[in-house]
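Below you'll find the structure, written out as structure tokens, and then a few comments.
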There are 2 protein chains.
Amino acid sequence: MTRVLVVDDEPQILRGLKTNLVARGYDVDTAPDGEAALDLAARRRPDVVIVDLGLPGIDGVDVIRGLRTWTAVPIIVLSAREQESEKVNALDAGADDYVTKPFGMGELLARVRASERRAVSSDDGEAVVRTSAFTVDLAARKVVAADRTAVRLTPTEWHLVEVLVRHPGRLVSQRQLLQEVWGPRYEEETNYLRVYMAQIRRKLEPEPSHPRYFITEPGMGYRFEPGD
Amino acid sequence: MTRVLVVDDEPQILRGLKTNLVARGYDVDTAPDGEAALDLAARRRPDVVIVDLGLPGIDGVDVIRGLRTWTAVPIIVLSAREQESEKVNALDAGADDYVTKPFGMGELLARVRASERRAVSSDDGEAVVRTSAFTVDLAARKVVAADRTAVRLTPTEWHLVEVLVRHPGRLVSQRQLLQEVWGPRYEEETNYLRVYMAQIRRKLEPEPSHPRYFITEPGMGYRFEPGD
DNA sequence: AGCCCTCTTGACGTGATCTTGACGTCATCA
DNA sequence: TGATGACGTCAAGATCACGTCAAGAGGGCT
């Protein structure tokens, strides 16, 4: 079943869209703001994302950019703003389509279908995260260093890298990392994180003892900093 | 260079679009009607098609349908018609985007860029995969070694090779391989993979004990590495 | 029936990976 | 200045995963 993530801060619109999409047989996740959207996208891997531009907190365009660091999922923008510059910004940030409110539900659904159709043919879009030191290909499960040599990661190392990289620039708590990689019963074993982060840094950081990409936030967790 | 085909019956619009696109570095073909459009598309293989709906002769929607019988080229519809049914028809006929006249040139260009971006990731698979040690012909179900002698693979071996080779460079998980080749009930039988990978390597790898093409990713799966 | 090819299954050695505990370092705070 | 807490580092044993071999079962062909 096709999974759609809808991001909008107005509960009625959220509800209305969800109802319509569910009625058409879609599996729908909803998020009221950018943070929740990025988090849900990472965890649920939707096939299409519908995002409103006027969000509290992280801006809609930044949500698009955040998604585009690691996924090619089709993004349809909803917006009340008609100015051309808004449209151009959103599209150039990586959106696939831009629909101006008020919009017809039939049109939106047709645009969702168009996005789906494309996604099937191109299938695994580029899920690639690049830094100046290494490139992480999430679809191929491959890491390549700047000098084009492949980097070997163990399953646990890879899993950890994957979780961090899917939340670029954002803090991921120790709890969340441990739960995601080792399971709910290991939430206290922060030891593991230290050991594995060290290994990951040794393999990926240009200067493992002065990390630039995998940053420690003492007492809280770790953060992947794409840094361009 | 990106080639764009613009289809519109109004000469001024055609000229205007062409001028703008050429100024942005696009290679532009123009067609005044549906027949010419289909003909040009077939001969010149554009990377993006911009088509007006109100055409003399063949209708715009039929142009879309005609194109879609043989190509997945991104199609952007221009139209003065605002009715939702028109949009839905065009999108469901296979259009990727629908822009209502009057439109801003900046927006249209941004939408063209969005289409281009998407198209890059979707190139269709080769039926023949070559390495310096062997050649796999997926269509003919044949493998030929570098010395032109045919390699005999058993059905199971072939199936496994096929799955791996269809995802060059990608990691394919043990689960996925087992499910694909032996069926969903065999997802745990990693034994089979070990036995068969060994056989495949004995038949295809120049140095079976030091695999170069069929790589093991311990704990995760296997990867076919075309390697030039 | 007998033969041959293929698939399944189990056992074993080897090497990689995970786990675990100990210790060093650094920053903070009393 | 010394105590504390959090983190990084290291090493060693236990465990797991893989490659390899070989024997037996099944099935189709002559």
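So that the names make sense, note that chain A is the first sequence line, chain B the second, and so on, each numbered from 1.
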Ignoring the backbone of B:V195, work out which of D:dT9, D:dC18, C:dG10 is nearest its side chain.
C:dG10
Would one find a side-chain N or O of B:T154 under 4.0 angstrom from OP1 or OP2 of C:dC7?
yes
Would you check if A:R113 and B:V88 make a side-chain contact, meaning some heavy-atom pair closer than 4.5 Å?
yes
Whole Å only: how far is the CG atom of B:L178 from the P atom of D:dA17?
14 Å
Would you kindly give the NE2-to-C1' distance between B:H210 and C:dT14, to the nearest whole Å?
14 Å
Name the residue closer to the 5' end of DNA chain C, choosing between A:Y186 and B:Y196 according to the nucleotide with the nearest heavy atom.
B:Y196
With A:Y98, which residues qualify under ring-ring contact (aromatic ring centres under 6.0 Å, His included), at least two apart?
none
Closest nucleotide of DNA chain C for A:E189 versus for B:L153: which of these residues is on the 5' side?
B:L153
Could you check how far CG of B:L177 sits from C1' of D:dA17, rounded to whole Å?
16 Å
Round to the nearest Å and state the distance from A:K203 atom NZ to D:dG8 atom P.
17 Å
Starting at the 5' end of DNA chain D, which residue's closest nucleotide do you reach first, A:P218 or B:L193?
A:P218
Has A:R152 got a side-chain N or O lying under 4.0 Å from the OP1 or OP2 atom of C:dT17?
yes
Figure out the CD/P separation between B:E207 and D:dT20, and round it to whole Å.
12 Å
Are B:Y192 and C:dC7 close enough that a side-chain N or O sits under 4.0 Å from OP1 or OP2?
no
Distance check: side-chain N/O of A:Y222 vs OP1/OP2 of D:dG8, anything under 4.0 Å?
yes
Please state whether the phosphate of C:dT6, meaning OP1 or OP2, lies under 4.0 angstrom from any side-chain nitrogen or oxygen of B:T156.
no
Below the 4.0 Å mark, does D:dT20 have OP1 or OP2 next to a side-chain nitrogen or oxygen of B:Q199?
no
Considering every strand and a 4.0 Å limit on heavy-atom distances, what is the contact class for B:S209: base, sugar-phosphate, or nothing?
sugar-phosphate
Has A:Q174 got a side-chain N or O lying under 4.0 Å from the OP1 or OP2 atom of D:dA6?
no
Length of the CD-C1' vector between B:E157 and C:dT6, whole Å:
9 Å
Can you tell me which residue among B:D96, B:D92, B:D97 is in a salt bridge (charged side-chain N to carboxylate O under 4.0 Å, His left out) with A:R111?
B:D97
Nearest whole angstrom, please: distance from the C1' of C:dT6 to the CZ of B:R202.
14 Å
At under 4.0 Å, does any side-chain N or O of A:T216 touch on OP1 or OP2 of D:dG8?
yes
Looking at B:W182, I'd like to know whether one of its side-chain N or O atoms comes within less than 4.0 Å of OP1 or OP2 on C:dC7.
no
So, for A:W182 and A:Y196, is the gap between ring centers shorter than 6.0 Å?
yes
Side chains of A:L108 and A:L17, heavy atoms from C-beta outward: is any pair under 4.5 Å?
yes
Has B:E157 got a side-chain atom pairing as donor or acceptor with B:I200's backbone, closer than 3.5 angstrom?
no
In whole angstrom, what separates A:I200's CD1 from D:dT9's C1'?
15 Å
Any idea which of C:dC18, D:dT20, C:dT6 is nearest the B:R194 side chain?
D:dT20
